Amino acid sequence: MENHDHVLLPEDTFTRQQAEAVADAYENIAIEDDQGTYFRIVVRIDRQMVWRAWDFEPEAGAGLNR
């Protein structure tokens, strides 16, 4: 983690601005598969994907916030 403040997503769907804030705060989180109107946020550890969700998935933010 680069930033000492905890940056979280909303518990449900999330916006690009919210995803960018999380990706900027943590070095192992990135926005991938960017289709313009929708995108996926991904958590990787040692380059291995350990979690991912599309911005429009119900309860997507809750999964990352754990």
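Quantities reported herein were computed from a predicted structural model and do not represent experimental measurements.
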Taking side-chain hydrogen bond (donor to acceptor under 3.5 Å, both in side chains) as the definition, give me every residue that meets it alongside [X], ordered by chain and number, with sequence neighbours left out.
{"X": "Glu11", "value": "Asn65"}
{"X": "Thr13", "value": "none"}
{"X": "Asp12", "value": "none"}

Hydrophobic clusters here meaning ILVMFWY residues chained together by side-chain heavy-atom distances under 4.5 Å, can you tell me if [X] and [Y] are in one?
{"X": "Val22", "Y": "Val42", "value": "no"}
{"X": "Ile41", "Y": "Val50", "value": "yes"}
{"X": "Ile31", "Y": "Ile45", "value": "yes"}

For the pair Tyr26 (side chain) and Val7 (backbone), establish whether a donor and an acceptor sit closer than 3.5 Å, ignoring hydrogens and angles.
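Indeed, once roles are kept as given, a pair shorter than 3.5 Å links the two residues.
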- Query: Considering residues, nucleotides and ligands other than Gln35, do more than 12 of their heavy atoms fall under 6.0 Å from its CD?
  - Reply: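 Yes, enclosed.
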* To do: Dump the intermediate steps for side chain to side chain contact (heavy atoms under 4.5 Å, CB included) on Phe14 and Leu64, then the final yes or no.
  => CA-CA 11 Å; Phe14 48 87; Leu64 177 69; over 6 Å; no
Inset, instruction - Quick one: list whatever passes salt bridge (charged side-chain N to carboxylate O under 4.0 Å, His left out) with Glu32, sequence neighbours left out. - result: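 Glu32 satisfies salt bridge (charged side-chain N to carboxylate O under 4.0 Å, His left out) with Arg40, Arg44 only.
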(Q) How close do Trp51 and Ala60 get, counting heavy atoms only, and between which atoms? (A)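 Scanning both residues, the minimum pair turns out to be CZ2-O, 3.2 Å.
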Between Gly36 and Arg16 the two heavy atoms that sit nearest each other are O-NH2, 2.9 Å
Contact list for residues 55-66, test salt bridge (charged side-chain N to carboxylate O under 4.0 Å, His left out), sequence neighbours left out: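 Sorted pair list comes back empty.
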Distance col, row Asp46:CG vs Asn28:CG, nearest 0.5 angstrom, shows 10.0 Å
For this session: If you link ILVMFWY side chains whenever their heavy atoms are less than 4.5 Å apart, which other residues fall into the same cluster as Leu8? By chain and number, please.
Result: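 Leu8 clusters with nothing; isolated.
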